[in-house]
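For the numbers below, each heavy atom of this structure counts, side chains included, while hydrogens, waters and symmetry mates do not.
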Amino acid sequence: MTAKQGKLAWGGAALLALSLALTACGGSNGSNSSPAASGSSSSSDNGSKPVELTMAFMNFGTLTDIKSVQDEINKITSAKINATVKLMPIDISAWAQQTNLLLAGNEKLDLLVTSSFYNYSSQVAKNQLLPLDDLLAQYGTGIKDTMNEKIYNGTKIDGKIYGIPSVRDTAADYGMIMRKDLVDKHGIDLSALKTFEDLGTVFQTIKDKEPGIIPLVQNTQSQTVASIMYNKDIDMLGDGLGAMKINKNDLKVVNMFDTQEYKDAVALARKWYEAGYVMQDAATTQETGNSLVKAGKAFGYLSNMKPGFEQQDSKADGHEMVAVRFTKPVTQSTSANGFMMSIPRNSKYPDRAMQLLNLLYTDKDIVNLLDNGIEGKHYVVNADGTIKVPDGATDVGYVFNQWEIGNNALARVWEGTPPDIWDQIKKFNDSAIFSKALGFTFDASPVKTEVAAATNVLNQYKLGLESGSLDPALISEFNAKLKAAGLDKIIAEKQKQLDAWAAANAQ
């Protein structure tokens with residue numbers, strides 16, 4: 001699999017992994033500024049003069065040829081909104097630091113990827129982002145129709161929109177993905193599998209008949225055996241230190257590690273581990289499920305999924321993969337605000353910035369250039385309309401992470417992915433069970449000391465328990481140490497913020 005072909009591996013899966021891996025992102029630098037009431041600009045902009053707009057985004061790929069793509073985009077934006085765009089990729093490892101400097105230093109910046117995992121709520125609290133409602137009504141009327149209304153409204157803080165979600169897989173379902181050749185070889189009937197518990201017979205078959213192949217591995221350390229089983233029931237509300245049961249009719253924050261759902265998932269993970277189904281060093285290995293399957297060492301892994309997931313991971317795993325899903329699609333609290341585009345307070349031309357933002361959701365030529373590069377140079381089109389890397393190319397110089405910006409449904413689809421994938425994803429997203437906390441972002445700064453202490457406890461117990469490596473009897477000890485670290489105070493603060501959020505966003 002080339003890097004280009006693998007770029008669609010992010011999206012909802014990325015949000016889940018980040019939500020499990022990142023904690024206490026919503027800090028504050030002590031600013032007492034309050035958000036402005038409207039998104040009006042202090043500078044006059046009637047569109048008569050050309051302007052340059054700077055757009056900053058996270059870079060996970062290869063963008064050595066970004067200038068040529070930028071030039072092509074600017075031919076379109078110059079004609080349509082009398083503006084050019086300066087693309088500003090920032091490496092993900094430096095994202096938090098660099099964006100903080102850009103916003104705090106009043107640097108020229110007109111569009112910025114924002115995220116509940118990277119200080120979105122504190123950026124609003126520090127008056128660093130503009131409320132977008134008025135700008136959307138005037139210049140962004142094409143955006144709302146591109147996504148589910150619940151997702152569109154799922155970024156509000158104090159009743160105002162400060163970020164526009166990208167069009168991506170905002171829901172996830174959960175199940176098991178496994179090598180098709182081994183499923184076929186041993187006559188495994190996937191239609192007979194109705195629950196996670198049913199997988200035990202499959203794992204026993206692989207253990208007995210495929211020596212040297214591990215029946216079950218974890219894809220990443222943030223996607224544990226148990227977490228895939230309980231995520232259908234529990235909204236982590238960011239860091240998991242205080243969570244919410246998705247199917248309840250209230251917004252009650254609870255200790256998820258003391259719920260029956262958590263205990264049941266950990267118990268099943270332990271049962272499988274003791275039976276020899278789970279990779280014995282699952283709690284410590286740095287190898288991914290993708291790499292272990294590709295190396296011929298593993299049968300498969302539990303995962304959050306989406307339409308096209310089998311095709312995506314078949315490329316990553318080096319084997320044709322098949323999946324069985326055990327849950328309905330679920331939309332978590334961070335599904336909307338996990339990746340958005342916002343207009344910083346720094347922008348001198350917010351009217352034009354919103355016009356550009358509107359194009360990122362409505363103009364397929366701009367979307368294709370940004371997402372895929374230049375036709376004939378960075379990709380070629382197949383007879384069925386899908387695209388691929390030009391024959392013989394090993395490094396096209398442009399791999400963009402399309403899931404973080406704009407309307408990805410307008411982009412051409414890479415070969416190996418169903419041509420109607422975006423129709424499938426829309427139906428999938430719309431059919432999801434929506435968390436009642438959709439759009440909530442926790443600001444951990446009032447309890448940052450307790451969060452740090454509790455995170456140390458998580459690091460001591462969580463991965464071991466959820467991989468099956470530790471005896472579930474340790475859950476009581478785990479919870480006692482969380483309580484001693486200040487979990488009750490964290491839950492009380494999160495409940496206070498959640499109640500305030502719900503009141504402010506009541507329709």
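- Minimum heavy-atom separation, S435 to M244: OG-CE, 3.4 Å.
- Donor-acceptor pairing under 3.5 Å is recorded for the side chains of T114 and S342.
- By the neighbour-count criterion of 12 heavy atoms within 6.0 Å, atom NZ of K108 is densely surrounded, having more than that number from other residues, nucleotides or ligands.
- By the 4.5 Å heavy-atom criterion applied to side chains, L53 and V51 are counted as neighbours.
- Residues Y361 and V167 form a side-chain contact, since some pair of their non-hydrogen atoms from C-beta on lies under 4.5 Å apart.
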Next item on the list: Show your working on salt bridge (Lys or Arg N to Asp or Glu O under 4.0 Å) between D239 and K494 and close with a plain yes or no.
Entry: CA-CA 11 Å; D239 56 14; K494 188 170 283 188; 2.7 Å; yes
Note to self: Assess the residue pair N290 and Y301 against the criterion (side-chain hydrogen bond (donor to acceptor under 3.5 Å, both in side chains)); give the C-alpha distance rounded to whole Å, side-chain angles, the decisive distance to 0.1 Å, and a yes or no.
What the structure shows: CA-CA 9 Å; N290 298 134; Y301 41 90; 3.0 Å; yes
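- Contact between I405 and L370 at its shortest, heavy atoms only, is CG2-CD2, 3.9 Å.
- Between the side chains of Q355 and D351, no donor-acceptor pair of N or O atoms lies under 3.5 Å.
- Put simply, the side chain of H378 does not reach to within 4.5 Å of the side chain of N372, judged on heavy atoms.
- If you look at F400 and F57, their ring centroids are closer than 6.0 Å.
- A distance of 6.0 Å or more separates the ring centres of W95 and F60.
- Side-chain N or O atoms of N337 include one that pairs as donor or acceptor with a backbone N or O of G439 at under 3.5 Å.
- Partners of K328 according to the salt bridge (charged side-chain N to carboxylate O under 4.0 Å, His left out) rule, which considers only residues two or more places apart in sequence or in another chain, do not exist here.
- Side-chain contact check for D110 and S347: at least one donor-acceptor pair (N or O, by modelled atom type) lies under 3.5 Å.
- The existence of a salt bridge linking K80 and D363 is confirmed by a sub-4.0 Å separation between a basic side-chain nitrogen and an acidic carboxylate oxygen.
- A distance-only check finds a donor-acceptor pair linking the side chain of N346 to the backbone of L102 [under 3.5 Å].
- Side-chain contact of N219 with T288: a donor-acceptor pair under 3.5 Å is absent, judged by distance alone.
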